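This report concerns only the one structure given below.
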2 protein chains.
Amino acid sequence: MAGKISTYSGEPKWLNPREMAAWRSYIVASRRLLEAMELDLENHDLSMADYEVLALLSDAPGRRLRMSELAEIAMISKSRLSHRMKVMEAAGWVRREECAEDKRGYFAVMTDKGWKAIVKAAPDHVNSVRNRLVDHLTSKDQEDLSKIFNRVTEKLRDQFIKEGASIKK
Amino acid sequence: MAGKISTYSGEPKWLNPREMAAWRSYIVASRRLLEAMELDLENHDLSMADYEVLALLSDAPGRRLRMSELAEIAMISKSRLSHRMKVMEAAGWVRREECAEDKRGYFAVMTDKGWKAIVKAAPDHVNSVRNRLVDHLTSKDQEDLSKIFNRVTEKLRDQFIKEGASIKK
DNA sequence: ATGATTTAGTTGAAAGTTGAATTACTTACA
DNA sequence: TGTAAGTAATTCAACTTTCAACTAAATCAT
């Protein structure tokens with residue numbers, strides 16, 4: 001039994017112009033935005049994903065997190081984190097440490113060099129968030145955006161729970 | 001001379017809670033949203049990018065577009081399009097045709113099979129746009145979203161022009 | 001305890017993406 | 001007209017991500 005049988009039946013409800021405009025403006029802007037922001041970070045030899053990983057580590061107690069937890073909150077797969085860690089380890093930004101309580105586990109630990117790297121990158125990145133997005137929004141816009149996208153995340157989570165229950169992972 | 005010298009100087013203007021909330025809710029939702037939508041399309045053996053390419057072709061006169069133009073409007077690189085076309089060609093959805101007016105050029109042409117594939121996928125995809133995003137927004141939300149993201153795209157374009165002029169491509 | 005199952009994390013191969021180099025053709029202009 | 005510069009598209013090589021398989025340790029059920 002592979003995946004969900006989801007082939008739609010019945011007349012689909014096409015998007016009206018307002019809906020279409022919302023959807024199109026959203027993806028077009030998102031694509032361009034992320035592209036620009038990745039480019040901004042390249043000056044520090046970082047991708048957004050790598051930045052996120054370092055940022056999360058720098059916030060964590062002892063600047064260390066278990067691999068699984070890091071993958072989870074960075075929203076990337078365990079496998080991907082493993083591979084990236086190898087690269088970041090080679091760059092000297094992080095190192096892995098065995099976990100005493102659970103011998104299967106490892107901690108990702110931020111090194112001093114990693115700390116310096118993110119401290120250096122952070123102002124540029126904040127600047128990028130501002131120049132590329134936040135500063136073009138009024139306070140009201142910012143609040144609208146939060147409300148809208150928090151709702152979207154919430155709905156996605158609900159759907160995930162419902163679908164996840166029936167799809168088996 | 002590689003890239004822009006952009007290392008920020010002076011005290012960075014950190015994000016206030018409202019700004020941070022807007023930014024975080026936006027990226028978190030976006031990541032989850034795109035992930036869910038890619039998954040929805042997998043039932044039709046399509047990625048969002050491939051869907052977009054087919055959708056653009058299906059709308060084009062004669063269901064054909066020059067490679068460069070297609071890459072441009074699909075917002076992917078020429079190189080990437082070349083590679084994807086090879087895959088889609090193997091799947092029988094598209095074929096390449098020499099361009100008589102400009103012998104360097106090629107048309108990407110949608111086949112009958114490609115047409116059938118997208119006609120089959122489209123209702124599910126619209127459904128996905130609705131279930132994952134549009135239907136959770138009020139009409140007002142939709143209008144807000146359009147306004148906000150159109151503005152963002154516009155600003156990005158302005159910046160691109162300014163920066164592009166000094167960076168040389 | 002002991003075997004079965006789950007969980008943490010890694011690995012290797014395949015597939016996808018990128019950017020630079022390359023090929024073939026077109027255009028501009030002296 | 002000939003040649004330099006530009007353009008269309010592909011290819012190569014490096015890198016990234018995914019997927020499935022795997023190891024090892026922990027937990028669970030009897």
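On a predicted model such as this, the values are computed, not experimentally measured, just so you know. Within every chain, numbering begins at 1; the chains are lettered A, B, ... in the order of the sequence lines, protein sequences first and strands thereafter.
One can place CZ of Arg31(B) at 13 Å from C1' of dT17(D), the figure rounded to the nearest angstrom. Distance CG (Leu70(A)) to C1' (dT10(C)): 15 Å, rounded to an integer number of Å. Ile76(B) places its CD1 atom 13 Å from the P atom of dG19(C), with the value rounded to the nearest Å. Glu101(B) has its CD atom 14 Å from the C1' atom of dC25(C), to the nearest Å. Rounded to whole angstrom, the span from the CD atom of Glu38(B) across to the P atom of dA15(C) amounts to 18 Å. Atom-to-atom, CE of Met88(B) to C1' of dG16(C) comes out at 13 Å; the value is rounded to the nearest Å. Separating the CE atom of Met85(B) from the P atom of dA8(D) is a distance of 16 Å, rounded to the nearest angstrom.
Judged purely by distance below 3.5 Å, without hydrogens or angles, the side chains of Asp141(B) and Thr138(B) pair a donor atom with an acceptor atom.
Side-chain nitrogen and oxygen atoms of Lys86(A) include none within less than 4.0 Å of the OP1 or OP2 phosphate oxygen of dT16(D).
Within 3.5 Å, no donor on the side chain of His83(A) pairs with an acceptor on the base of dT10(C), nor the reverse. Side-chain N/O atoms of Arg104(A) and base N/O atoms of dT7(C) include a donor-acceptor pair closer than 3.5 Å.
Taking the centre and axis of the six-membered ring of Tyr106(B), the NZ or CZ atom of Arg96(B) falls outside the cone set by 45° and 6.0 Å.
Remark on DNA chain C: of its neighbouring residues Ala100(B) and Met67(A), the 5'-side contact belongs to Met67(A), judged by nearest-heavy-atom nucleotide. Judged by closest nucleotide on DNA chain D, Leu81(B) is the one of Ser47(A) and Leu81(B) placed further toward the 5' end.
Of the listed nucleotides (dT18(D), dT10(C), dC19(D)), dT18(D) has the atom at the smallest distance from the side chain of Arg80(A). Comparing atom distances between the Lys78(B) side chain and each of dC19(D), dA9(D), dG9(C) picks out dA9(D) as nearest. Among the nucleotides dT10(D), dT10(C), dG16(C), the one closest to the side chain of Arg84(B) is dG16(C). With dT11(D), dT18(C), dT10(C) as the choices, the nucleotide that has an atom nearest any side-chain atom of Ser82(A) turns out to be dT10(C). The side chain of Lys103(B) lies closest to dT26(C) when the candidates are dA13(D), dT26(C), dT11(C). Counting only heavy atoms from C-beta on, Asp102(B) has its side chain closest to dT26(C) among dA9(D), dT26(C), dT10(C). When distances are taken from the side chain of Ser79(A) to each of dG9(C), dT18(D), dA8(D), the shortest belongs to dT18(D).
Over its length, the helix from dA1(C)-dT30(D) to dA30(C)-dT1(D) turns its helix axis by 20°, as judged from the five terminal pairs at each end, rounded to 10°.
With sequence neighbours excluded, the residues satisfying ring pair (Phe, Tyr, Trp, His ring centres under 6.0 Å) with His125(B) are Tyr51(B).
Two different hydrophobic clusters hold Leu46(B) and Val87(B) under the rule that ILVMFWY side chains link at heavy-atom gaps under 4.5 Å. Criterion: ILVMFWY side-chain heavy atoms under 4.5 Å apart, direct or through other members. Under it, Leu56(A) and Ile118(A) are part of a common hydrophobic cluster.
Residue Ser68(B) is classed as a sugar-phosphate contact, given heavy-atom separations below 4.0 Å to backbone atoms only.
Closest heavy-atom contact between Ala74(A) and Val53(A): CB-CG2, 4.3 Å. Between Leu156(B) and Ala29(A), the closest heavy-atom pair is CD1-O, 4.2 Å.
Relative orientation of the Phe149(A) and Tyr26(A) rings is tilted, given thresholds of 30° and 60° on the angle between their planes.
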